[in-house]
Protein chains: 2
Amino acid sequence: MVTMKDVGREAGVSAMTVSNVLRGNDNVAPETAKRVREAADRLHYRLNTTSLSARSLRVSTSRRGRTFGTIGLAIFELDRPYPSQLASLISQAAEKRGYQTVVQETRINAENERSIIERVSNQFCDGLIFSSSRLSAAEIEQLSNHRPTVLLDDDRPQHDIDTILTPSEIGAQQAIEYLWASGKRHIGIVGGLGEGSDEHETADSYDTRHRRLMGCRKAFEELGVDWWEVPIIPTLWNDVEAREAVNRYADVVRSCDALFCMTDTTAFGVIRGLKDLGLSVPEDIAVMGFDGIEMSATMVPSLTTVAVDIPMVAQKAVDMLIERIDDESDRERQRIVADFHIERRESA
Amino acid sequence: MVTMKDVGREAGVSAMTVSNVLRGNDNVAPETAKRVREAADRLHYRLNTTSLSARSLRVSTSRRGRTFGTIGLAIFELDRPYPSQLASLISQAAEKRGYQTVVQETRINAENERSIIERVSNQFCDGLIFSSSRLSAAEIEQLSNHRPTVLLDDDRPQHDIDTILTPSEIGAQQAIEYLWASGKRHIGIVGGLGEGSDEHETADSYDTRHRRLMGCRKAFEELGVDWWEVPIIPTLWNDVEAREAVNRYADVVRSCDALFCMTDTTAFGVIRGLKDLGLSVPEDIAVMGFDGIEMSATMVPSLTTVAVDIPMVAQKAVDMLIERIDDESDRERQRIVADFHIERRESA
DNA sequence: ATGAAAGCGCTAACAG
DNA sequence: CTGTTAGCGCTTTCAT
């Protein structure tokens, strides 16, 4: 490995001067600086970022005017459209601001999340973005050595951390209202059960599913429908499980004229499941999703959905995080709810 | 931050002894070791991995018998099903072997890839997996300080690195043969143009698209069809562009009785585009994809496709990489082609 | 069995 | 303008 010392020797200066030149400090004679830069190029010198953090416990450094930082993103799943789109958008938003993003998959497992913080984010990142974390704010603070952090879609009581929420409650409510307004009177809900089958899930009454269900409930109650009469089909939020659920609950499904699905992916599985039952969408039954992933426009039929402004979630997450990284002062914690709209398409 | 020194003070020993205990070295009295461990727990001590690499230039350490390594995965896009599924599977395969995976998006941009290696992978990872890299093997070797590396789907001449390929040529060939065998005589190809619109793409005649096209060509030539007569519709490999392309090349499309699409996502866009034109699949026209992503089974109609064994790609990539990490010896470079099969479904 | 010293690559603080 | 010193958290080496 080529070190600054090596470059210094080549250029006939000390390592310190090399450091100054390469960092763009202006207290070096232009002539010397030139020699150093040439030597560095000749030797293919590469900064060893590792050693930076040893000295400063901060990873970010500015070099030649550009900031040079790293953001850690812990996301629950990488193999589904919504989280992977989000990860991609965050990556790109961060890049525009001069930050590199490293993504890690938690699979909604607290132990994984701890490992991620301890082994990676905590060591190499200037800040963290956590999506659907299973850890408490306090634990995140502690494990991360109080690094700047932004939480995505985590609505538990201890909000001592900047948070961005998807409009789960109001979005679900408007979805039901939309279906009702289009004349549907037998609306079912698909996706009542959790992603993980563990008891954590059900104990945590502040999670996304709960909020979406509460939105539905509110809509129904305002419409004068008894919430306990509303058919709810339990399934994990993915296409394969949703399809099976529709087949398993065929009778329930047949009694409905509309189905609101907790995510777009779930809706895809539902549409497929309905096809298996010989039911067509939207003629026999209307289907609505939640998220507004890109593919929802491409599907046949295209999916009517609660389209969350995903680019906004990504942009705000990055902006808030970088603001915290740059500005150490203890600004008050923010809490943002993402925009959304009902995207009316073919399926409902 | 709690350091070994702190733990040592708490336990009444030196930092050195703490290091020995925590690494599982057996030259410490059981009694002392116990005291140290308790002190570490009490203080919530966390190993600062950063400082390891300064000393050893290797990140992986075994602690209490468990390896404790990190794999860097550079992948071209995170917002499409194929790469994101791959990333997820690699993450999970690595985890089973005790490695954490950090994923970074390159967006098929050489500068990004350099930045990724220099700023992250190179510093904190025991090994790298590169998917669809734009860098030469030589450059990867140099930038990464000769770290263990596995290339995914990169079939350029300089294969001085372990590589896993998708069966692009043979897969495409069998797809055309399948369509032909089912009686189609006017087969078109969708996705003839590159992901990036830059000249790099066209100059690089060893890339995936080229190989898939060559597979088609071989099939057609063996079937006695003039390759230059085969309609090829140019589009980027995603649903939105593919849909537009179908509309733009409506005349060409209408002259076909089957369309082979370069990826499943492209096929989704094509099916949608055909719907826009009032054409139904498979009645009016058969559609076939390539990749075998999960959603292809859920789509309506479900997608007949060249199903690549994606879990195998992930597993082999991780296995090969870890083998190289563990075994420094210069074993010969390997080159594996993933399994596949023609998954026959509704669309063709 | 335990620890003191040296050093990994880099930079903040200060000296010349 | 340039260099020296010291130190970041840890491990390797070598005494004790």
Side-chain angles (χ1 to χ4, degrees), chain A residues 1-37 39-40 43-64 67-70 118-119 122-124 126 145, chain B residues 1-37 39-40 43-64 68 118-119 122-124 145:
Chain A
M1 162 171 259
V2 181
T3 73
M4 285 196 173
K5 210 168 170 180
D6 299 323
V7 176
R9 192 181 316 113
E10 177 83 7
V13 296
S14 77
M16 196 58 237
T17 302
V18 177
S19 173
N20 282 137
V21 172
L22 265 28
R23 232 162 350 135
N25 287 3
D26 51 356
N27 53 347
V28 181
E31 169 56 28
T32 316
K34 185 158 172 292
R35 273 212 326 281
V36 169
R37 260 190 286 271
L43 267 45
H44 300 291
Y45 170 77
R46 304 284 158 193
L47 171 67
N48 181 341
T49 325
T50 306
S51 27
L52 297 187
S53 41
R55 188 74 189 81
S56 55
L57 287 191
R58 303 200 68 230
V59 182
S60 178
T61 6
S62 54
R63 307 191 77 79
R64 311 194 192 190
T67 35
F68 199 77
T70 305
E118 289 182 19
R119 290 168 54 178
N122 190 14
Q123 320 260 359
F124 318 127
D126 301 297
N145 290 331
Chain B
M1 162 170 258
V2 182
T3 72
M4 285 195 172
K5 212 168 168 179
D6 299 322
V7 177
R9 191 180 317 111
E10 177 83 7
V13 295
S14 75
M16 197 56 242
T17 301
V18 176
S19 172
N20 282 137
V21 171
L22 265 28
R23 231 161 352 132
N25 286 3
D26 51 357
N27 53 347
V28 181
E31 170 55 29
T32 316
K34 184 159 173 290
R35 273 211 329 280
V36 168
R37 260 191 286 270
L43 267 44
H44 300 292
Y45 169 77
R46 304 287 160 192
L47 171 67
N48 181 340
T49 324
T50 306
S51 29
L52 296 186
S53 40
R55 193 77 192 84
S56 57
L57 287 190
R58 299 202 73 233
V59 182
S60 180
T61 7
S62 53
R63 305 192 79 79
R64 311 193 190 189
F68 199 76
E118 289 182 19
R119 290 168 54 179
N122 189 14
Q123 320 260 359
F124 317 128
N145 290 332

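Within every chain, numbering begins at 1; the chains are lettered A, B, ... in the order of the sequence lines, protein sequences first and strands thereafter.
- B:Glu31 places its CD atom 10 Å from the P atom of C:dT2, with the value rounded to the nearest Å.
- In this entry the distance linking NZ of B:Lys34 with P of C:dA1 reads 18 Å, nearest Å.
- As a whole-Å value, the separation of B:Asn20 CG from D:dT13 C1' is 12 Å.
- No donor-acceptor contact under 3.5 angstrom links the side chains of A:Thr17 and A:Asn20, judged on distance only.
- If you take CE of A:Met4 and P of D:dG3, they are 14 Å apart, rounded to a whole angstrom.
- The side chain of A:Thr32 places an N or O atom within less than 4.0 Å of a non-bridging phosphate oxygen (OP1 or OP2) of D:dT2.
- Considering only side-chain N and O atoms, A:Tyr45 lies nowhere under 4.0 angstrom from the phosphate OP1 or OP2 of C:dG9.
- Taking only side-chain nitrogens and oxygens, B:Ser19 never comes nearer than 4.0 Å to OP1 or OP2 of D:dC10.
- Proximity of A:Val18 to A:Tyr45: side-chain heavy atoms (C-beta onward) are nowhere separated by under 4.5 Å.
- Rounded to whole Å, atom C1' of C:dA4 lies 12 Å from atom NZ of B:Lys5.
- Closest approach of B:Ala11 and B:Val36 over heavy atoms only: CB-CA, 3.9 Å.
- Between B:Val2 and B:His44, every side-chain heavy-atom pair lies at or beyond the 4.5 Å cut-off.
- Separating the CE atom of A:Met16 from the P atom of D:dG7 is a distance of 16 Å, rounded to the nearest angstrom.
- Atoms CG (A:Asp6) and C1' (C:dG9) sit 10 Å apart, rounded to a whole Å.
- For B:Ser14, no side-chain nitrogen or oxygen approaches OP1 or OP2 of C:dT2 to under 4.0 Å.
- Rounded to an integer number of Å, the gap from B:Asn27 CG to D:dT16 C1' is 14 Å.
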